[in-house]
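A short worksheet on the structure shown next.
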There are 2 protein chains.
Amino acid sequence: MLPINLLVVEDHSIIRAGICALLKNIASVTIIGEASDGYEALELVDSLKPDVVFMDISLPKLNGLEATSRITQEYPFVRVIILSMHASEDYVLQALRAGASGYLSKDADTDELESALIAVTQGKTYLSPGISKHLANYVRGIDEYSSPLDRLTTRQREVLQLLAEGCTTKQIAGILNRSVKTIETHRTQLLKKIDVHDIAGLVRFAIRMGVVTADQ
Amino acid sequence: MLPINLLVVEDHSIIRAGICALLKNIASVTIIGEASDGYEALELVDSLKPDVVFMDISLPKLNGLEATSRITQEYPFVRVIILSMHASEDYVLQALRAGASGYLSKDADTDELESALIAVTQGKTYLSPGISKHLANYVRGIDEYSSPLDRLTTRQREVLQLLAEGCTTKQIAGILNRSVKTIETHRTQLLKKIDVHDIAGLVRFAIRMGVVTADQ
DNA sequence: AACATTTTCAGGATTGCCCCGATTGCCCAT
DNA sequence: ATGGGCAATCGGGGCAATCCTGAAAATGTT
C-alpha cells in the first residue's frame with residue numbers, strides 16, 4: 001500500500017508549491033503529479049492513478065467540484081480532498097455530493113493535511129472542524145440543486161434582496177405591505193438560515209449569490 | 001548582514017505554512033515571525049524589526065496595503081513584498097504607492113520568491129513578469145490618483161473595513177481601544193463622505209474599492 | 001383529514017444609531 | 001505667532017431598530 005501517491009491540483013503556482021512542500025514533510029507519501037486546472041487534473045488522474053487528490057475549488061476552465069464529480073464517477077478508488085482555499089465554505093455539501101472524501105476549510109490548521117490524508121485512506125470522511133455547523137444547516141433542507149438560495153423561501157429571498165439594497169425593516173414592511181414585526185421575523189430567520197450575524201455579512205452573501213451587485 | 005530575517009503575513013494558515021516552507025528552502029534566510037492579520041503584522045514589525053515582510057493583500061481587520069503603508073512610513077528600512085494571492089493584479093500601483101518594494105502576482109513562479117528577495121535586499125524593486133502591462137495601463141490613465149479612498153482619513157479607512165466585515169460600533173471601539181462615541185463619529189463622517197446612508201451601501205462600496213471581498 | 005411549512009403578527013427588553021455639542025492637537029498660511 | 005481648518009477624541013439624551021419569546025392564521029403536501 002505504501003507509499004501513498006498524491007496528485008495536487010491548484011492553479012496558483014506558489015500556493016501549489018507551498019502545499020506540496022507541506023505534504024512532502026509527511027512520511028510515506030509521494031507527490032506523483034501536479035495540475036493547475038480541472039482538465040489537467042482529469043488527464044493526470046487517468047494516466048497516473050493516484051491514491052489521493054488534493055483539489056482546490058476555484059480552477060480555470062473546469063472547476064474543482066466538477067472535476068471531483070467526474071473523477072469519483074470514473075475512478076471510484078481515487079479519494080479526493082477538497083481544499084477550500086479561495087472559495088467560501090458554502091460548498092461542503094456540493095463537495096460531498098460530488099464524491100469528495102475530505103473537505104479542508106481555508107482556515108484549516110497545517111496538520112489537518114495529514115489528518116485528512118489518514119482518514120480518507122482508511123475510507124473515512126474528513127471535514128475541517130467548524131464546518132459541521134454549516135453542514136447541519138444544509139441537511140435540514142432537502143435541497144435538490146442546492147444553491148444556498150434554494151434553501152430560502154420566496155419571502156426570504158425577497159427580504160434578502162431588499163436588505164442587501166439598503167432598505168430598513170420598516171421600509172421593507174412598507175414595500176411589501178406587511179407589518180414591521182413580520183419583516184423582523186423574516187429577517188431573523190433569513191440571517192439564521194444563511195448563517196450570518198449582521199447586515200454586512202448578508203450583503204456579501206447576496207453579492208456572492210448574484211442577488212445584487214457591488215457596482216451601481 | 002546574513003541571515004535575512006523574514007516576517008510572513010497571511011491569514012490562511014495552510015497557505016502561510018506553505019509559503020514558510022518554500023522560504024525555508026532558500027539559504028541564508030530565517031523566518032522570525034508569522035502574522036495572520038494587519039494589526040498583528042504591525043506589532044511584529046515593531047517588536048522583531050524584520051528585514052523583509054512577505055505580505056498578502058486581503059487580510060482581516062487591517063488589509064495588507066494599509067499595513068504596508070504604515071510599515072514603510074514608520075520603519076523605512078523594512079522592505080515589503082506583496083503577495084497578490086487572492087486579490088486581483090490591479091493593486092500594483094496602490095502597492096507601490098504604499099511603499100512596497102516587491103509585487104508577486106498570484107501566478108508567480110516559485111523561484112520568484114528568491115528573485116524578489118534578492119532584489120529588495122539590494123534596494124531594488126521586483127515586479128512579477130507580466131504585471132508591467134497592468135502598470136502601463138494605469139500610468140496612462142491619470143485618474144488613478146483620485147481613488148475615492150484617498151479622500152478618507154486613515155481612521156475612516158480603518159473603520160470602513162471593520163464595518164464592512166460586520167463589526168458593530170461597539171466592537172470596533174474595542175478593537176481600536178477607543179470610546180464608542182469616538183467610533184460613532186468616525187462612522188457618521190465616513191457615511192457622509194462616501195455618500196451612503198446604510199451599512200449595505202457601505203459594504204458594496206468597500207467591495208468596489210477592494211477593501212474587502214464578497215467571498216469569505 | 002392530518003401534518004408540515006410558510007407567512008403573518010405582538011409585547012417587552014435590549015441595544016444601537018443619530019443629533020446635538022465639545023475639547024485637544026496638528027499643520028500651515030497670512 | 002496666531003488664527004483657521006482638519007483630524008481625532010469623547011459625552012448626553014432621544015429616537016429607532018433589533019432581539020427574544022410566543023403564537024396564530026394561511027398555505028401546501030400526503
Side-chain angles (χ1 to χ4, degrees), chain A residues 136-206, chain B residues 39 42 61-62 66 69-70 73-74 146-203 205-206:
Chain A
N137 283 338
Y138 281 121
V139 293
R140 102 174 40 176
I142 313 127
D143 46 358
E144 302 169 6
Y145 285 75
S146 99
S147 157
L149 280 185
D150 294 334
R151 302 184 310 99
L152 302 180
T153 68
T154 308
R155 261 293 191 254
Q156 285 167 352
R157 282 194 296 274
E158 272 184 288
V159 175
L160 167 65
Q161 174 162 358
L162 292 167
L163 283 174
E165 288 176 352
C167 294
T168 65
T169 305
K170 191 175 181 180
Q171 289 174 324
I172 297 175
I175 291 173
L176 299 181
N177 278 314
R178 291 296 179 276
S179 157
V180 173
K181 287 296 183 179
T182 300
I183 307 302
E184 280 183 7
T185 305
H186 288 316
R187 175 199 165 101
T188 302
Q189 299 301 322
L190 174 60
L191 289 174
K192 182 181 178 186
K193 201 179 262 187
I194 67 179
D195 191 32
V196 301
H197 311 90
D198 44 65
I199 291 300
L202 178 140
V203 173
R204 294 196 302 267
F205 172 84
Chain B
Y39 290 120
L42 295 184
K61 297 179 185 174
L62 188 74
E66 191 71 35
S69 181
R70 300 193 192 182
Q73 292 260 327
E74 286 267 358
S146 58
S147 163
L149 281 184
D150 293 336
R151 302 179 46 79
L152 302 180
T153 69
T154 307
R155 261 292 190 254
Q156 285 167 353
R157 284 194 298 272
E158 271 183 291
V159 174
L160 168 65
Q161 174 165 1
L162 291 166
L163 283 174
E165 287 178 353
C167 293
T168 65
T169 305
K170 192 175 181 180
Q171 288 174 325
I172 296 175
I175 291 174
L176 299 181
N177 276 316
R178 293 296 180 275
S179 157
V180 173
K181 287 296 182 180
T182 300
I183 307 301
E184 280 183 6
T185 304
H186 288 315
R187 175 198 165 101
T188 301
Q189 298 301 322
L190 174 59
L191 289 174
K192 182 181 176 185
K193 200 179 266 189
I194 66 179
D195 191 31
V196 300
H197 311 90
D198 45 65
I199 292 300
L202 179 140
V203 172
F205 173 84

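Below, read A as the first sequence line, B as the second, and so on, with proteins coming before strands; counting in each chain starts at 1. Quantities reported herein were computed from a predicted structural model and do not represent experimental measurements.
Separating the CG atom in A:Asp198 from the CG atom in B:Leu163 is a distance of 10.0 Å, to the nearest 0.5 Å. Here A:Leu176 contributes atom CG and A:Leu162 contributes atom CG; the two are 6.0 Å apart, rounded to the nearest 0.5 Å. The OG1 atom of B:Thr168 sits 13.5 Å away from the NE2 atom of A:His197 when rounded to the nearest 0.5 Å.
The residues B:Arg70 and B:Glu158 are annotated as salt-bridged, a charged nitrogen and a carboxylate oxygen being separated by less than 4.0 angstrom. The pair B:Glu184-B:Arg187 fails the salt-bridge criterion, with no side-chain N (NZ, NE, NH1 or NH2) lying under 4.0 Å from an Asp/Glu carboxylate O.
Put simply, CD on B:Gln189 is 11 Å from P on C:dC19, counting in whole angstrom units. Following rounding to the nearest Å, A:Gln156 (CD) and C:dT7 (P) show an atom-to-atom distance of 7 Å. Per the geometry, CG belonging to A:Asp198 stands 11 Å off P belonging to C:dC17, to the nearest Å. Here C:dT6 presents its P atom at 13 Å from CG of A:Leu190, a figure rounded to the nearest Å.
Taking each heavy atom of A:Arg204 and B:Gly166 in turn, the nearest pair found is NH1-N, 4.2 Å.
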Where protein sits on nucleotides 9-27 of chain D, one letter per nucleotide: B base, S sugar-phosphate only, - none, heavy atoms under 4.0 Å: BBBBB---SBB--------
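The shortest distance between the side-chain N/O atoms of A:Thr153 and the OP1/OP2 oxygens of C:dT5 is not below 4.0 Å.
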